[in-house]
Amino acid sequence: SGIIKHGIIRLYRIAFANLDHVIFQNKDDRQIFLDNKMLSAKTRIIQLPGSGVDLAKFRYVGYTHREKITFLYIGRLLWDKGIKELIDAFRIISKQYPLAELKFIGNYFVANPASISQRQMQLWQEELPVKYLGMVDNVADYISASSCVVLPSYREGMPRAILEASSMGIPVITSDAVGCRDSVDDMVTGFICRVKDTWDLVDKMKKFIECPNKVQIGINGRAKMEREFDQKIVIDKYVSIVECAS
């Protein structure tokens with residue numbers, strides 16, 4: 001409601017009143033704070049691309065054509081990550097492309113009201129070519145073995161899974177949501193679908209499958225990560241901010 005929103009804005013203004021620096025991970029959150037005048041005039045506003053991505057750990061491998069089309073989701077198993085839309089879209093895709101499969105890496109969060117249950121995941125695995133892989137230590141190996149990483153989230157700060165996949169030259173699909181849209185150049189490094197729109201996600205999954213330039217998309221993704229999201233650049237900026245403030 002308007003009263004709650006007004007109260008939240010007021011609390012932010014109080015909490016942020018005496019800060020020298022405020023760092024934002026995406027331009028949308030930055031604009032919300034500016035539009036609602038939640039920062040004092042003396043506060044220095046800085047926008048950084050999240051915590052960046054380790055280009056050496058997530059080294060370029062590039063897209064590899066395989067008979068199976070493997071879509072990979074990496075993240076917390078929550079409905080507001082767009083998992084309902086992803087399952088509904090994949091239900092359609094799997095009928096049209098019988099060699100398509102969908103894999104999940106992530107943790108259950110049973111205490112969260114938005115959590116997906118283990119039983120629900122089991123039902124999906126029984127119905128569709130879906131596989132739940134649990135939590136893994138070597139996520140880079142799973143990214144390199146996939147065809148496309150998909151995250152149709154409703155909102156993010158900066159989606160690490162998308163950065164890691166792009167760094168490895170694997171095409172991505174994400175939503176036109178806060179944070180997500182900053183990580184992808186649509187039709188250049190991946191594909192952007194409308195938020196909470198199953199049919200648009202189906203369209204983008206089809207576009208990926210039929211795209212003749214998957215290798216080039218991966219190359220473009222790696223270049224974007226090197227140019228904008230290199231972890232070393234981000235860390236250097238954080239260090240510089242701390243040194244200036246001390």
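Note that the structure is a prediction, hence the values are computed from the model and not measured.
Phe208 and Val130 fall within a single hydrophobic cluster, where Ile, Leu, Val, Met, Phe, Trp and Tyr are joined by side-chain heavy atoms under 4.5 Å apart, directly or via other members. A continuous path of Ile, Leu, Val, Met, Phe, Trp and Tyr side chains, each step under 4.5 Å between heavy atoms, connects Leu151 with Val139, placing both in one hydrophobic cluster. The cluster map of Ile, Leu, Val, Met, Phe, Trp and Tyr, joined by side-chain heavy atoms under 4.5 Å apart, puts Leu123 and Leu133 in different clusters. Hydrophobic clustering, with ILVMFWY side chains joined whenever heavy atoms are under 4.5 angstrom apart, keeps Leu99 apart from Met205. Met225 and Ile235 fall into different hydrophobic clusters, defined by Ile, Leu, Val, Met, Phe, Trp and Tyr side-chain heavy atoms under 4.5 Å apart, directly or through other members.
Judged by distance alone, with hydrogens and angles left aside, the side-chain atoms of Tyr132 form a donor-acceptor pair with the main-chain N or O of Gly106 at under 3.5 Å. Although no hydrogens or angles enter the test, the distance criterion places a donor-acceptor pair under 3.5 Å between the side chain of Thr189 and the main chain of Asp185. Put simply, the side chain of Ser240 never gets that close to the backbone of Asp236: no donor and acceptor are under 3.5 Å apart. In this structure a side-chain-to-backbone donor-acceptor pair under 3.5 Å is missing from Lys196 to Glu85. Using a distance-only test at 3.5 Å, with no hydrogens or angles considered, a donor-acceptor pair links the side chain of Asp230 to the main chain of Lys232. The closest donor-acceptor contact from the side chain of Asp80 to the backbone of Tyr154 lies at 3.5 Å or more, if one exists at all.
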After noting the C-alpha distance and the side-chain angles of Leu78 and Ile116, does the key distance pass the side-chain contact (heavy atoms from CB on, under 4.5 Å) rule?
CA-CA 5 Å; Leu78 302 173; Ile116 290 166; 5.9 Å; no
Give the C-alpha distance, both sets of side-chain angles, the deciding distance and a yes or no for salt bridge (charged side-chain N to carboxylate O under 4.0 Å, His left out) between Asp176 and Arg181.
CA-CA 5 Å; Asp176 188 21; Arg181 67 172 71 99; 2.8 Å; yes
If you apply the rule side-chain contact (heavy atoms from CB on, under 4.5 Å), what do you find for Ile217 with Phe191, and how did you get there?
CA-CA 10 Å; Ile217 285 176; Phe191 303 86; 3.7 Å; yes
Applying side-chain contact (heavy atoms from CB on, under 4.5 Å), run through Arg160 and Leu163 and close with a yes or a no.
CA-CA 5 Å; Arg160 180 174 289 275; Leu163 303 187; 5.5 Å; no
Asp88 and Arg91: salt bridge (charged side-chain N to carboxylate O under 4.0 Å, His left out), yes or no, with the steps?
CA-CA 5 Å; Asp88 289 346; Arg91 189 176 283 116; 2.9 Å; yes
Please evaluate residues Ser153 and Glu156 with respect to the criterion side chain to side chain donor-acceptor pair (under 3.5 Å), reporting the C-alpha separation (whole Å), side-chain torsions for both, the decisive distance (0.1 Å), and the verdict.
CA-CA 7 Å; Ser153 182; Glu156 296 287 327; 2.7 Å; yes
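Contact record, Ser167 with Val53: CB-CG2, 4.0 Å, taken as the closest heavy-atom pair. Across Asn220 and Val188, no two heavy atoms sit closer than the pair ND2-O, 3.0 Å. Between Thr198 and Ala89, the shortest heavy-atom distance links the atoms CG2-N, 3.6 Å. The two atoms that bring Ser147 and Ile170 nearest to each other are O-CG2, 3.7 Å, heavy atoms only. Closest heavy-atom contact between Ile143 and Ala165: CG2-CA, 3.8 Å. Across every non-hydrogen atom of Cys180 and Ser183, the tightest pair is O-OG, 2.6 Å.
Separating the CG atom in Leu201 from the SG atom in Cys193 is a distance of 4.5 Å, to the nearest 0.5 Å. Taking CD of Gln96 as the reference point, atom CD1 of Ile209 lies at 8.5 Å (rounded to 0.5 Å). Within the model, atoms CD of Glu127 and CD1 of Ile87 stand 8.0 Å from one another, a figure rounded to the nearest 0.5 Å. Atom CH2 of Trp79 is separated from atom CG of Leu86 by 11.0 Å, given to the nearest 0.5 angstrom. A distance of 11.0 Å separates CD1 in Ile162 from CZ in Phe229, rounded to the nearest 0.5 Å. The distance from atom SG of Cys148 to atom NZ of Lys204, rounded to the nearest 0.5 Å, is 12.5 Å.
For Arg76, the CZ atom is loosely surrounded, since the number of other residues' heavy atoms within 6.0 Å does not exceed 12.
Side chains of Arg222 and Ser166: a donor-acceptor N/O pair is absent below 3.5 angstrom, by distance only. Counting only N and O atoms by type, the side chains of Glu210 and Tyr97 include a donor and acceptor under 3.5 Å apart.
A distance below 6.0 Å separates the ring centres of Tyr73 and Phe104.
None of Thr174, Ile173, Leu102 except one satisfies the side chain to side chain contact (heavy atoms under 4.5 Å, CB included) rule with Val150; the exception is Ile173.
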Show the atom names and distances, to 0.1 Å, of all donor-acceptor pairs under 3.5 Å that link a side chain in residues 55-72 to residues at least two apart or in another chain.
| from | atom 1 | to | atom 2 | distance (Å) |
| --- | --- | --- | --- | --- |
| Arg66 | NH2 | Ser144 | O | 3.2 |
| Thr70 | OG1 | Glu101 | OE2 | 2.6 |

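When side chains are defined from C-beta on, Phe109 does not count as touching Leu77, because their heavy atoms never get closer than 4.5 Å.
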